[in-house]
2 protein chains.
Amino acid sequence: MVVDQLREVELDRLFQAFADSTRRDIVRRVTVGESSVSGLAALYAMSFAAVQKHVAVLERASLVTKEKRGREQIVRGNHEGLQKARRLLDEYEAIWRQRVDRIADILAEG
Amino acid sequence: MVVDQLREVELDRLFQAFADSTRRDIVRRVTVGESSVSGLAALYAMSFAAVQKHVAVLERASLVTKEKRGREQIVRGNHEGLQKARRLLDEYEAIWRQRVDRIADILAEG
DNA sequence: CTATCGTACAACCAAATGGTTGTAGATCAG
DNA sequence: CTGATCTACAACCATTTGGTTGTACGATAG
């Protein structure tokens with residue numbers, strides 16, 4: 001399925017975005033309350049440009065949105081991306097539970 | 001906290017492991033039913049060594065276990081790693097919900 | 001015993017990642 | 001207007017990643 005290829009790329013980006021502790025921290029912070037890019041940059045021991053790149057990665061993964069306000073760029077958490085990741089892991093868990101149930105069935109038969 | 005640094009590295013590995021569609025597929029398959037490394041390798045349009053590396057990444061992330069059986073190496077899904085990832089995303093969702101609730105409270109007051 | 005199978009691992013390569021510095025354009029404060 | 005602030009983006013660099021091929025070795029089948 002062609003559609004699923006898109007979905008796979010989307011998931012690649014999603015999990016890739018989560019695979020860095022600075023980015024996870026940014027998601028946490030902007031979910032609690034919005035912040036400018038420079039506001040975020042002040043929190044980490046790295047350059048502004050580095051933080052800017054992290055925000056860009058999160059934006060591409062739909063985990064965060066950016067909105068211009070004056071000369072600042074306001075970053076906010078985006079629930080949708082989060083839900084997508086959770087839903088996938090839920091699927092995996094469901095598969096796992098099915099397997100456990102099947103084994104339980106086999107044991108019950110024996 | 002020093003302990004949390006370990007946890008962060010662990011999470012890096014976990015999400016990094018999920019950030020590849022081949023690896024997600026492997027997790028799905030070996031969760032449904034165990035498989036040898038060569039059995040898995042036969043499924044994908046890449047070399048045995050490449051699949052071997054993917055399995056190693058999953059093993060390091062505790063998403064999969066390997067066990068020698070004769071000359072084969074049997075790969076199985078590991079529920080623990082999956083749960084860890086889900087729990088983290090649950091945390092994020094909880095933070096989000098708190099925020100939404102807070103906004104709802106503010107609106108209720110107004 | 002010998003050939004084959006399944007695995008491990010090293011060496012190599014191209015591309016992506018995570019960081020840097022530097023330059024330049026808006027926007028705001030005084 | 002001038003200077004400071006916030007952002008964007010390019011160029012560069014080291015390391016990691018995802019793939020390859022080739023070699024070696026234990027376990028199994030005939």
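Predicted model, so just to flag it, every value in this text is computed and none were measured. Proteins come first, then strands; the chains are lettered A, B, ... in the order of their sequence lines, and each starts at number 1.
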Asks: Nearest whole angstrom, please: distance from the C1' of D/dT5 to the CZ of A/Phe48.
Replies: 10 Å
Asks: Examine C/dT17: is either OP1 or OP2 under 4.0 Å from a nitrogen or oxygen in the side chain of A/His54? Give yes or no.
Replies: no
Asks: Side-chain N or O of B/Ser47 versus OP1/OP2 of D/dT21: is the shortest distance under 4.0 Å?
Replies: no
Asks: Can you list, by residue number, the residues of residues 64-71 of chain A that have a non-hydrogen atom closer than 4.0 angstrom to DNA chain C?
Replies: A/Gly70, A/Arg71
Asks: Using atom CG of B/Leu43 as one end and atom P of C/dG6 as the other, report the distance to the nearest whole Å.
Replies: 13 Å
Asks: On DNA chain C, check which nucleotide each of B/Gln73 and B/Lys53 is closest to and give me the residue with the more 5' one.
Replies: B/Gln73
Asks: Please check: side-chain N/O of A/Arg23 versus main-chain N/O of A/Ala17, any donor-acceptor pairing under 3.5 Å?
Replies: yes
Asks: Any carboxylate oxygen within less than 4.0 angstrom of a Lys/Arg side-chain nitrogen, looking at A/Arg24 and A/Asp20?
Replies: no
Asks: Rounded to the Å, how far apart are A/Arg60 CZ and C/dT17 C1'?
Replies: 12 Å
Asks: How about B/Arg69 and B/Ile74: do any of their side-chain heavy atoms sit closer than 4.5 Å?
Replies: yes
Asks: Can you find a pair of side-chain heavy atoms, one from B/Val37 and one from B/Phe48, that are under 4.5 Å apart?
Replies: yes
Asks: B/Glu72 has a side chain; which of C/dT7, D/dC6, C/dG19 sits nearest to it?
Replies: C/dT7
Asks: What integer distance in Å separates A/Gln52:CD from D/dT5:P?
Replies: 17 Å
Asks: Would you kindly give the OH-to-P distance between B/Tyr44 and D/dT20, to the nearest whole Å?
Replies: 14 Å
Asks: I'd like to know if B/Glu91 and B/Lys84 make a salt bridge, using a cut-off of under 4.0 Å between side-chain N and carboxylate O.
Replies: no
Asks: Counting heavy atoms from C-beta on, name the nucleotide in C/dT7, D/dG18, C/dG19 closest to the side chain of B/Ser38.
Replies: C/dT7
Asks: When the distance from CG of B/Asp20 to P of C/dA16 is rounded to whole Å, what number comes out?
Replies: 14 Å
Asks: I need the CD1-P distance between A/Ile74 and C/dT27, as an integer number of Å.
Replies: 15 Å
Asks: What contact category does A/Ala41 fall into here, base, sugar-phosphate, or nothing, at under 4.0 angstrom with non-hydrogen atoms?
Replies: nothing
Asks: Check the phosphate of C/dG6 against B/Ser36, side-chain N and O only, distance under 4.0 Å to OP1 or OP2. Yes or no?
Replies: no
Asks: Between B/Arg87 and B/Asp90, is there a salt bridge with N-O shorter than 4.0 Å?
Replies: no
Asks: Nearest whole angstrom, please: distance from the C1' of D/dG18 to the CE of B/Met46.
Replies: 9 Å
Asks: Look only at the side chain of A/Tyr92 and the backbone of B/Thr31, and say whether a donor-acceptor pair between them is shorter than 3.5 Å.
Replies: no
